[in-house]
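Since the structure is predicted, the reported quantities are computational estimates derived from the model, not experimental observations.
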Amino acid sequence: MKFVALLSGGKDSVYSTLLSVRHGHELVCCAHLSPSPTADLEGESYMYQTAGSDAVRVQVEGCMGLPFHTAEIRGGSVDTSLVYDGSSGAAAAGAAA
């Protein structure tokens, strides 16, 4: 089966891609959701790891020799408190519906 790997720049997304290839699937290209150019890469990551974002293109095009597609992440976290209770923001709106 052909597949597109969504890579974050971290070891877990690269490892899962490697396992898929080892199981006989055909990797046809890689995709990446990158933080905005003004984002604090050491701060909150919103969706997933962003610290390795600058290296993903090199990993894919330079090391893997595959097409690379990227899109910028837009948005932000609804709740950044240390204790998440699900009563604020989108979680609460979904529960009320």
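- The two atoms that bring Ser13 and Ser8 nearest to each other are OG-N, 3.1 Å, heavy atoms only.
- For the atom pair Leu7 CG and Ser16 OG, the distance stands at 7.5 Å (nearest 0.5 Å).
- Interatomic distance, Thr17 OG1 to Leu27 CG, rounded to the nearest 0.5 Å: 6.5 Å.
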- Carefully, step by step, assess Phe3 and Val21 under the rule side chain to side chain contact (heavy atoms under 4.5 Å, CB included). CA-CA 9 Å; Phe3 76 102; Val21 170; 4.1 Å; yes
- Message: Determine whether Val28 and Val4 satisfy the following criterion, side chain to side chain contact (heavy atoms under 4.5 Å, CB included), listing intermediate values before the conclusion.
- Response: CA-CA 6 Å; Val28 295; Val4 174; 4.2 Å; yes
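- Across all non-hydrogen atoms, the minimal contact from Cys30 to Leu66 is SG-CD1, 4.2 Å.
- Residues Thr70 and His32 approach most closely at OG1-O, 3.0 Å, considering heavy atoms.
- With sequence neighbours excluded, no residue satisfies side chain to side chain contact (heavy atoms under 4.5 Å, CB included) with Ala55.
- Here CZ of Phe68 is found 5.0 Å from CZ of Arg57. Values are rounded to the nearest 0.5 Å.
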